[in-house]
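Input: a single structure, listed below in structure tokens.
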Amino acid sequence: MTVGVLALQGSYNEHIAVLRRLGVKGVEIRKPQQLQNVTSLIIPGGESTTMAKLAEFHNFFPALRAFVETGKPVWGTCAGLIFLANKAVGQKLGGQELVGGLDCTIHRNFFGSQIQSFETEVEVPEIADKEGGPPTFRGVFIRAPAVLEVGPDVQVLATIPVSALATISVSALALQLNSLGLVDSISSVIVAVKQGNLLGTAFHPELTADTRWHSYFLKMADEDDDEEEEGTSNGEELNSLSYQQKQLKPELPIFETRRTLV
């Protein structure tokens, strides 16, 4: 198993470090042709407009769309989630090109500006069921997007209650959604989704010591592999690690924000 991590801009080094901790090879993807040599792909968080401009400059979009269409697993975190959405709102003047594939509508800067970044505990029943560990995950939201609407084939993996958010005004949120022609009031907002081979998180699992989202994604790639090899599969190797063992010895400093929601 070789996981590609799009290395145009953003937190690609942090993703590769987590993959290394799980015993999986991660490679930086800087040219479209390199996509031919990987079994799955992570599109990291970063500045989505900058990433889109660099991807356009290097003619990445046709190759990225072709990779998604192969059915190989692709995971987008934060800006990567924006890339994978079929529709994005709240963009800068002129918008940006998207890869698409996820049947959902994304709000690009739903939670506000950089100074409104925050951390909060996110309930992750699917991850806890498949990967073990606690029922919540420490979500790091940095100038983060959110999923406003999903299609019938999209599985919602995580939400956070609007009432718990100190970064946005509930009344302002209702006004904002109404202006977009969406529901005028919501009790929670979607921050993680899955549709077939595509996974998206509005937060940054790569900036924490908890490796369960990466393990979950790797098993998507393992399930996608039609050829059974003799001996232990990647999925079995990952399952053989206890939750506690997966959390040991992070190779990069773990991100901490000054603003924390409890």
Side-chain angles (χ1 to χ4, degrees), residues 9-15 18 42-51 75-85 88-92 96 102 104-128 133-150 154 156-170 172-174 176-177 180 186-194 199-214 216-217 250 252-262:
Q9 190 262 345
S11 58
Y12 55 88
N13 279 325
E14 289 81 354
H15 275 293
V18 178
I42 297 174
I43 304 177
E47 211 294 311
S48 62
T49 303
T50 300
M51 289 176 64
W75 176 18
T77 62
C78 197
L81 170 60
I82 298 171
F83 264 50
L84 291 179
V89 297
Q91 299 192 69
K92 293 180 179 179
Q96 68 181 65
L102 272 175
C104 62
T105 299
I106 297 288
H107 192 292
R108 181 176 174 271
N109 285 132
F110 183 84
F111 296 106
S113 65
Q114 188 79 15
I115 62 172
Q116 293 170 306
S117 300
F118 65 95
E119 294 182 18
T120 189
E121 292 297 325
V122 181
E123 293 188 7
V124 287
E126 170 80 0
I127 300 302
T136 61
F137 186 95
R138 193 67 177 175
V140 178
F141 293 81
I142 305 175
R143 200 180 177 189
V147 180
L148 301 181
E149 290 184 322
V150 297
V154 177
V156 175
L157 299 182
T159 64
I160 54 177
V162 170
S163 60
L165 299 176
T167 59
I168 56 176
S169 161
V170 175
L173 170 62
Q176 177 175 282
L177 293 177
L180 295 170
I186 56 174
S187 59
S188 63
V189 61
I190 300 168
V191 293
V193 292
K194 180 177 182 289
L199 178 66
T201 55
F203 47 93
H204 291 262
E206 75 280 7
L207 299 182
T208 74
D210 192 334
T211 62
R212 288 180 294 167
W213 280 96
H214 287 79
Y216 182 82
F217 176 67
L252 291 172
I254 301 305
F255 180 84
E256 294 182 1
T257 59
R258 294 181 180 180
R259 185 167 192 165
T260 301
L261 300 180
V262 178

Any idea which heavy atoms bring [X] and [Y] closest together, and the distance?
X	Y	answer
A202	A144	O-CB, 3.6 Å
C78	R143	SG-O, 4.4 Å
G76	L84	N-CD1, 3.6 Å

Quick one: are [X] and [Y] in side-chain contact, heavy atoms under 4.5 Å?
X	Y	answer
L148	F110	yes
W213	V18	no
F137	T208	yes

(request) Only counting residues at least two apart or in another chain, list the ones meeting side-chain contact (heavy atoms from CB on, under 4.5 Å) with A158. (result) V122, V124, V191, A192
(request) Kindly write out the residues that satisfy side-chain contact (heavy atoms from CB on, under 4.5 Å) with A85, not counting sequence neighbours, or none if the list is empty. (result)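 Only C104, I106 meet the side-chain contact (heavy atoms from CB on, under 4.5 Å) criterion with A85.
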(request) Look at the aromatic rings of H214 and W75 and report parallel, tilted or perpendicular, splitting at 30° and 60°. (result) perpendicular
(message) For E126, is the CD atom crowded, meaning more than 12 foreign heavy atoms sit under 6.0 Å from it?
(response) yes
[atom2] on [Y] to [atom1] on [X], rounded to 0.5 Å:
X	Y	atom1	atom2	answer
R138	L207	CZ	CG	13.5 Å
E14	I42	CD	CD1	12.0 Å
I190	I160	CD1	CD1	11.0 Å
I82	M51	CD1	CE	9.0 Å
L81	L199	CG	CG	9.0 Å

(request) Quick one: list whatever passes side-chain hydrogen bond (donor to acceptor under 3.5 Å, both in side chains) with S48, sequence neighbours left out. (result) Q96, R108
(request) Walk me through it: do L157 and Y216 pass the test side-chain contact (heavy atoms from CB on, under 4.5 Å)? (result) CA-CA 12 Å; L157 299 182; Y216 182 82; 4.3 Å; yes
(message) Using modelled atom types and a 3.5 Å cut-off, is there a donor and acceptor pairing between side-chain atoms of T77 and backbone atoms of H204?
(response) no
(message) With a 3.5 Å distance limit and no angle check, can you tell me whether R212 reaches the backbone of P134 through a side-chain donor-acceptor pair?
(response)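 The answer is yes, because a donor-acceptor pair under 3.5 Å joins these two groups.
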(message) If we count only N and O atoms by modelled type, under 3.5 Å, do the side chains of T50 and Q9 hold a donor and an acceptor together?
(response) no
